[in-house]
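Below is one structure; the comments refer to it alone.
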Amino acid sequence: MHKFSTETCYSLSSNAFDHRVWQTTMPRKALAYDFLLDGILSIASLHTAATKAPLEARSYIDTALEYQNRALTPFRHALNNISPANCDAIYAYSIITIASRIAMPHLAIGDNEGLNMIENILHVFELLQGTTEISKMTRAWSAQSSFPTVGDYWAPAAKRLDSETEEAFCRLTAINNRKNSTLPEAHRITEEAVDLLRRCFCRYSTMKDPGSVVTWLAVVNRRFVDMLRGLEPLSLLILGHWGVLLGLLDGKIWWASNSGRALVTDILGVCGRGVVEYADAWLWPKRELRL
């Protein structure tokens with residue numbers, strides 16, 4: 001807990017007001033919610049592992065996994081019974097879980113049991129299915145939140161991005177319009193995923209906040225996740241664009257080290273097993289991540 005409150009808490013937000021919440025409020029709240037306590041201890045263990053040599057890090061990684069596994073059942077129970085009382089704990093655990101799963105592959109290098117980045121991201125989606133309910137909280141719930149940035153989450157975001165990033169999103173929109181022109185449900189789900197990702201890019205460009213990066217994994221539609229599980233090429237391309245956003249944290253946040261490049265490399269490996277679809281649209285992520 002000392003590791004979390006003195007170091008790890010600062011890697012979960014760039015907002016000074018949120019720092020205080022992560023440092024003191026959430027550890028206190030964890031006394032009432034076992035899943036949050038386990039989540040805090042898990043990410044603190046991973047943070048410690050990140051500072052150790054591989055052999056020494058192994059025991060901390062194993063401990064982190066034990067905490068993660070112990071948290072699953074009580075977290076799912078809380079998620080099925082979300083309320084003003086527990087929504088902060090659920091939100092905090094969701095952010096911690098995403099950061100932990102992103103960190104795991106590069107900490108487990110050389111471990112044959114380690115998942116690749118695509119599998120880890122899909123595992124995150126599986127763990128957090130249902131957390132979109134957090135974004136549907138009433139204004140009254142938001143007003144009660146311990147996190148000052150939750151109430152009007154998207155308000156600070158820039159309205160536009162740099163020209164190359166805007167062009168990349170225009171390409172995604174055009175591909176969706178062309179590919180799913182006769183499939184209204186698939187078109188809507190894909191359009192929503194692209195729009196949410198663009199909003200995350202806009203918020204990060206304004207806030208430089210790691211929460212702006214990981215939010216997309218928590219709020220994207222579960223039908224879009226089904227497309228990803230099926231390795232559908234357009235959904236993988238969109239995930240690759242999220243990899244660019246994740247890559248912006250490289251060198252800034254310990255748990256995101258090299259993760260954006262690793263994710264896009266894994267995706268391109270999957271796509272490369274056949275003819276790579278949307279090759280022109282892949283040029284931007286590859287260029288941004290120097291691949």
Side-chain angles (χ1 to χ4, degrees), residues 4-27 29 36 39-40 43-44 46-47 50 87-103 121 124-125 128 131-132 134-135 137 141-162 165-166 168-169 193-220 238-239 241-261 263 285 288-289:
F4 180 86
S5 295
T6 57
E7 297 182 47
T8 311
C9 63
Y10 296 110
S11 69
L12 299 172
S13 176
S14 62
N15 183 284
F17 295 103
D18 281 356
H19 284 166
R20 179 174 296 181
V21 176
W22 282 112
Q23 185 177 40
T24 60
T25 307
M26 288 304 107
K29 186 158 291 223
L36 180 56
I40 286 173
I43 196 169
L46 288 178
H47 196 180
C87 63
D88 271 1
I90 291 174
Y91 173 80
Y93 179 80
S94 300
I95 298 299
I96 286 171
T97 297
I98 294 170
S100 297
R101 297 308 305 191
I102 289 172
I121 296 305
V124 167
F125 283 129
L128 301 185
T131 54
T132 49
I134 298 172
S135 65
M137 293 186 299
W141 289 28
S142 298
Q144 295 176 40
S145 175
S146 301
F147 292 95
T149 54
V150 167
D152 201 358
Y153 190 77
W154 302 108
K159 302 305 178 187
R160 288 193 61 80
L161 299 162
D162 65 88
T165 308
E166 287 289 0
F169 277 94
V194 171
D195 178 64
L196 282 168
L197 181 55
R198 184 184 176 280
R199 292 171 77 180
C200 289
F201 266 88
C202 286
R203 192 176 191 277
Y204 182 80
S205 73
T206 305
M207 307 287 288
K208 306 302 181 191
D209 179 15
S212 303
V213 177
V214 300
T215 292
W216 187 70
L217 299 184
V219 300
V220 75
I238 295 168
L239 182 62
H241 281 58
W242 178 75
V244 174
L245 183 59
L246 178 61
L248 296 177
L249 299 180
D250 194 9
K252 301 180 179 72
I253 304 294
W254 68 271
W255 47 260
S257 176
N258 201 41
S259 295
R261 296 182 86 248
L263 174 62
E288 291 295 305
L289 293 168

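Scope of the values below: all heavy atoms of this structure, side chains included, with no hydrogens, waters or symmetry mates.
Shown here are the side-chain hydrogen bond (donor to acceptor under 3.5 Å, both in side chains) partners of T8, two or more places apart in sequence or in another chain: H47. For T24, the side-chain contact (heavy atoms from CB on, under 4.5 Å) criterion is met by R20, R28, not counting sequence neighbours. The side-chain contact (heavy atoms from CB on, under 4.5 Å) search around R199 returns W154, D195, L196, not counting sequence neighbours. Take W254 and apply the side-chain hydrogen bond (donor to acceptor under 3.5 Å, both in side chains) test, not counting sequence neighbours, and it matches S11. Listed by chain and residue number, E166 satisfy the salt bridge (charged side-chain N to carboxylate O under 4.0 Å, His left out) test with R198 (two or more places apart in sequence, or in another chain). Remark: S14 engages D209, P210 in a side-chain contact (heavy atoms from CB on, under 4.5 Å) (not counting sequence neighbours). Looking at residues two or more places apart in sequence or on another chain, you find a ring pair (Phe, Tyr, Trp, His ring centres under 6.0 Å) between F201 and F169.
In this structure, CD1 in I98 is found 11.0 Å from OH in Y93, a value given to the nearest 0.5 Å. With rounding to the nearest 0.5 angstrom, the CE atom of M26 is 11.5 Å from the CG atom of L12.
Y10 places none of its side-chain heavy atoms less than 4.5 Å from the side chain of W22.
Between W216 and W242, the two ring planes are parallel [angle under 30°; tilted spans 30° to 60°].
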Run the side-chain donor-acceptor check on residues 245-253: report pairs under 3.5 Å with partners two or more places apart or on a different chain.
residue: D250; atom: OD1; partner: N258; partner atom: N; Å: 2.9
residue: K252; atom: NZ; partner: L248; partner atom: O; Å: 3.0

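The minimum heavy-atom distance between S13 and H19, with the atom names listed, is O-NE2, 2.6 Å. For T165 against L161, the heavy-atom pair with the smallest separation is CG2-CD1, 3.6 Å.
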